[in-house]
Amino acid sequence: MKYFGWIFLFFVIAYILPLGSRPMAIPEYKFAESAREMVLSGDYVTPQRRGETVISTPAPAYYPAAKSIQLFGKNGFAVRFPSALSAGLTALFIWILIAQMLRDEKLAALSAIIYLTSSAIYTSGTVASAGPLFAMLCTGSCGTLFIALQEAKLNRRKTLNLILCGVFAGFGFLTGGISALLIPLLSGLAYMIWDKKLRQLPFLLILIPAIAALIALPWAAAVNRAEPGYLCALVRREFASFCCWESMPWYLPLYLFALGAFPSALLIPAAGVVGKEAWKGFLRQPLFRFAFCFLFIPLVIATLNPTWDASVVLCSFAPLALLIAAGIRVYFNSGCHHRSYNWLMTAWGVLLAACGTGLAILHFTKPEYLKSIPLTGLFYPVMGTVLIIAGIMMIYSAIGNWRSRLYLYFAGIGLVLLFMPWFFKGNEWMPGEALRDLGRRCQLTDKCKYTVVAANEELANAAAWEFDFKNIRTKSDFIHGNIPVGTPKILFISNRPEGAKSIPGVEKAGNYVLNAQEINADPLQMLIFDLTAAPEKQ
């Protein structure tokens with residue numbers, strides 16, 4: 001268990017410690033506001049956002065964030081903590097699966113750390129979203145399914161794992177929709193065909209969906225009683241997502257997967273040049289065959305379901321981490337000369353040192369375009385120093401000692417992830433500080449005299465979270481006249497200065513007059529226009 005302590009330390013340093021340091025970004029408020037309103041209303045059945053029902057995501061997806069807000073308060077750490085915890089638990093699931101099936105602690109540790117250092121997992125695991133929770137549940141369902149399929153007869157171990165698979169799939173459905181059921185079923189089917197185990201097909205097609213349905217039934221009944229049309233709207237949305245071929249290119253999930261595998265993907269060449277005989281031995285292991293099926297099925301589903309939800313793609317990173325780690329073990333056990341591995345490690349060190357030198361040069365030259373980047377001035381010298389130190393350690397590490405180079409590789413990534421989040425500052429995509437400033441200056445509360453109108457849905461979600469009330473309207477509501485009759489004052493908020501200088505529809509409608517007052521809120525040039533109802537229309 002000595003490796004477990006190092007992995008846990010890396011998780012705390014890279015994921016937990018910097019979790020609340022970075023300002024919340026515009027996309028995070030969408031998820032966070034629904035969790036906040038769930039806590040305030042006590043309604044854990046029908047998800048709400050700014051007082052309107054949310055169809056895109058079922059209510060159970062917000063439960064961990066809602067509980068975290070109750071424990072830690074309304075802040076960025078609270079709404080991000082469930083995502084980080086889900087990423088850590090997924091790494092733990094990988095560890096347990098390998099430890100149970102292969103009895104190899106080193107391979108388990110290597111797989112877990114490769115998973116945690118993938119850029120897609122780190123990025124999703126440190127923002128407020130349901131994606132890491134969905135990926136964790138899918139990993140749990142596929143892992144328990146594989147363990148169950150290794151038992152030839154129906155015994156206690158097989159039954160328990162089949163039940164756990166159904167439970168994971170059921171909660172996954174409540175988090176991310178039908179894909180949570182398709183991923184284990186199709187992965188298991190592909191593995192059965194590969195291994196000629198189709199006799200176990202009834203367990204896959206009947207028992208697991210039945211258990212998943214039982215898990216989802218209580219919430220489905222409750223939401224149908226609270227809002228009868230909700231389930232039909234959710235099913236229509238799921239069906240439409242698979243038929244909406246024009247929402248994004250089919251190859252985009254593959255591109256996101258390749259990009260999200262960096263820098264762990266740097267280890268793939270070292271894991272791949274093991275020779276034909278080594279690969280034959282590699283594929284004789286049932287866990288690795290199942291991992292290949294589990295790797296490709298989510299990518300196939302993502303390409304056939306062309307929406308912008310990247311949660312399905314996240315599921316492929318757990319088997320990818322396992323396969324990369326197993327390939328590296330095969331590489332070193334096959335008696336290779338380690339040339340490609342050492343070249344990659346040295347090239348990685350050179351890249352880190354070069355990036356650090358570039359940041360140091362930017363700090364001293366201070367080009368004009370740096371002012372538009374949402375990073376403080378300390379970012380460049382601090383991160384430059386960290387990258388140069390990490391790169392030099394990698395370059396001058398002992399070439400013959402592959403284990404120490406691997407430790408330094410992950411240690412360098414951990415240092416970067418520890419220091420990097422602390423230097424972000426607010427801009428139009430992270431408007432929390434400016435919104436809080438405006439809220440204090442204008443005394444915006446549920447009982448204030450203003451009706452707040454935001455330029456878009458994203459900014460409206462951010463304003464609702466920061467102002468602590470949900471009655472935030474959008475510019476679309478304003479243009480179409482969906483503003484309460486008799487409103488004395490309207491405050492229009494825009495996170496883009498050029499977007500706030502003209503409000504379409506005001507001049508044509510003639511219902512309001514625009515006062516000349518503008519209010520700036522540092523660090524944004526966020527403008528608030530005081531719109532007063534025209535006297536002849538009052």
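Values below: all heavy atoms of this structure, side chains included; hydrogens, waters and symmetry mates excluded. Count residues from 1 along the sequence.
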### Query
According to the interplanar angle, ranging from 0 to 90°, do the rings of Phe317 and Phe257 count as parallel (below 30°), tilted (30 to 60°) or perpendicular (above 60°)?
tilted
#### Entry: Test item: Ser119 side-chain N/O and Gly260 main-chain N/O as donor-acceptor pair under 3.5 Å
yes
### Task
Report the C-alpha distance between Val79 and Trp465 in whole Å, list the side-chain angles of each, state the deciding distance to 0.1 Å, and finish with yes or no for side chain to side chain contact (heavy atoms under 4.5 Å, CB included).
CA-CA 12 Å; Val79 292; Trp465 169 272; 3.6 Å; yes
### Query
When rounded to the nearest 0.5 angstrom, what distance separates CZ in Phe410 from CZ in Phe10?
8.0 Å
### Task
Answer yes or no: are there more than 12 heavy-atom neighbours, outside Phe262 itself, under 6.0 Å from its atom CZ?
yes
### Message
With rounding to the nearest 0.5 angstrom, report the CZ to OG1 distance, Phe134 to Thr90.
### Response
11.5 Å
### Message
Could you work out, with side chain to side chain donor-acceptor pair (under 3.5 Å) as the rule, every residue matching Asn224, not counting sequence neighbours?
### Response
none
### Message
A side-chain contact here means heavy atoms from C-beta on lying under 4.5 Å apart; do Arg473 and Val452 qualify?
### Response
no
### Task
Examine distances only and state if a side-chain atom of Ser34 and a backbone atom of Pro47 form a donor-acceptor pair shorter than 3.5 Å.
no
### Query
So Gln48 and Ser41, side chain to side chain donor-acceptor pair (under 3.5 Å) or not? Walk me through it.
CA-CA 9 Å; Gln48 303 281 327; Ser41 66; over 6 Å; no
### Task
Report the distance from atom OG1 of Thr144 to atom CD1 of Ile96, rounding to the nearest 0.5 Å.
11.5 Å
### Main-chain N/O of Leu19 paired to Arg80 side chain as donor or acceptor, under 3.5 Å
yes
### Query
Do any pairs count as a salt bridge (Lys or Arg N to Asp or Glu O under 4.0 Å) and have a residue in residues 13-23, sequence neighbours left out, and if so which ones?
Arg22-Glu28
### Stepwise side chain to side chain contact (heavy atoms under 4.5 Å, CB included) test for Val453 and Asp477
CA-CA 8 Å; Val453 178; Asp477 294 328; over 6 Å; no
### Query
Between Val127 and Phe31, is any pair of side-chain heavy atoms under 4.5 Å apart?
no
### Any residue meeting ring pair (Phe, Tyr, Trp, His ring centres under 6.0 Å) with Phe11, in chain and number order, not counting sequence neighbours
Tyr15
### Message
Once salt bridge (charged side-chain N to carboxylate O under 4.0 Å, His left out) is applied, do any residues pair with Glu457, and if so which ones, sequence neighbours excluded?
### Response
Arg50
### Query
Do Thr139 and Leu89 have side chains that get closer than 4.5 Å, going by heavy atoms?
no
### Task
Identify the two heavy atoms, one from Lys74 and one from Glu466, that lie closest to each other, and give their separation to 0.1 Å.
NZ-CA, 4.3 Å
### Message
Which residues pass the side chain to side chain donor-acceptor pair (under 3.5 Å) test with Tyr115, not counting sequence neighbours?
### Response
none
### Query
Distance-only, no hydrogens or angles: does the Ser68 side chain make a donor-acceptor pair with backbone N or O of Pro64 under 3.5 Å?
no
### Summary
Distance col, row Phe93:CZ vs Cys138:SG, nearest 0.5 angstrom, shows 11.5 Å
### Task
Please step through side chain to side chain contact (heavy atoms under 4.5 Å, CB included) for the pair Tyr380 and Leu375, ending with a clear verdict.
CA-CA 9 Å; Tyr380 302 97; Leu375 295 169; 4.2 Å; yes
### Query
Does atom NZ of Lys67 have more than 12 heavy-atom neighbours, drawn from other residues, nucleotides or ligands, at distances under 6.0 Å?
no
### Task
Please list, chain by chain and in numerical order, all residues satisfying salt bridge (charged side-chain N to carboxylate O under 4.0 Å, His left out) with Glu33, sequence neighbours excluded.
Arg36
### From CA spacing to verdict: side chain to side chain contact (heavy atoms under 4.5 Å, CB included), Tyr62, Val54
CA-CA 11 Å; Tyr62 302 102; Val54 177; 3.8 Å; yes
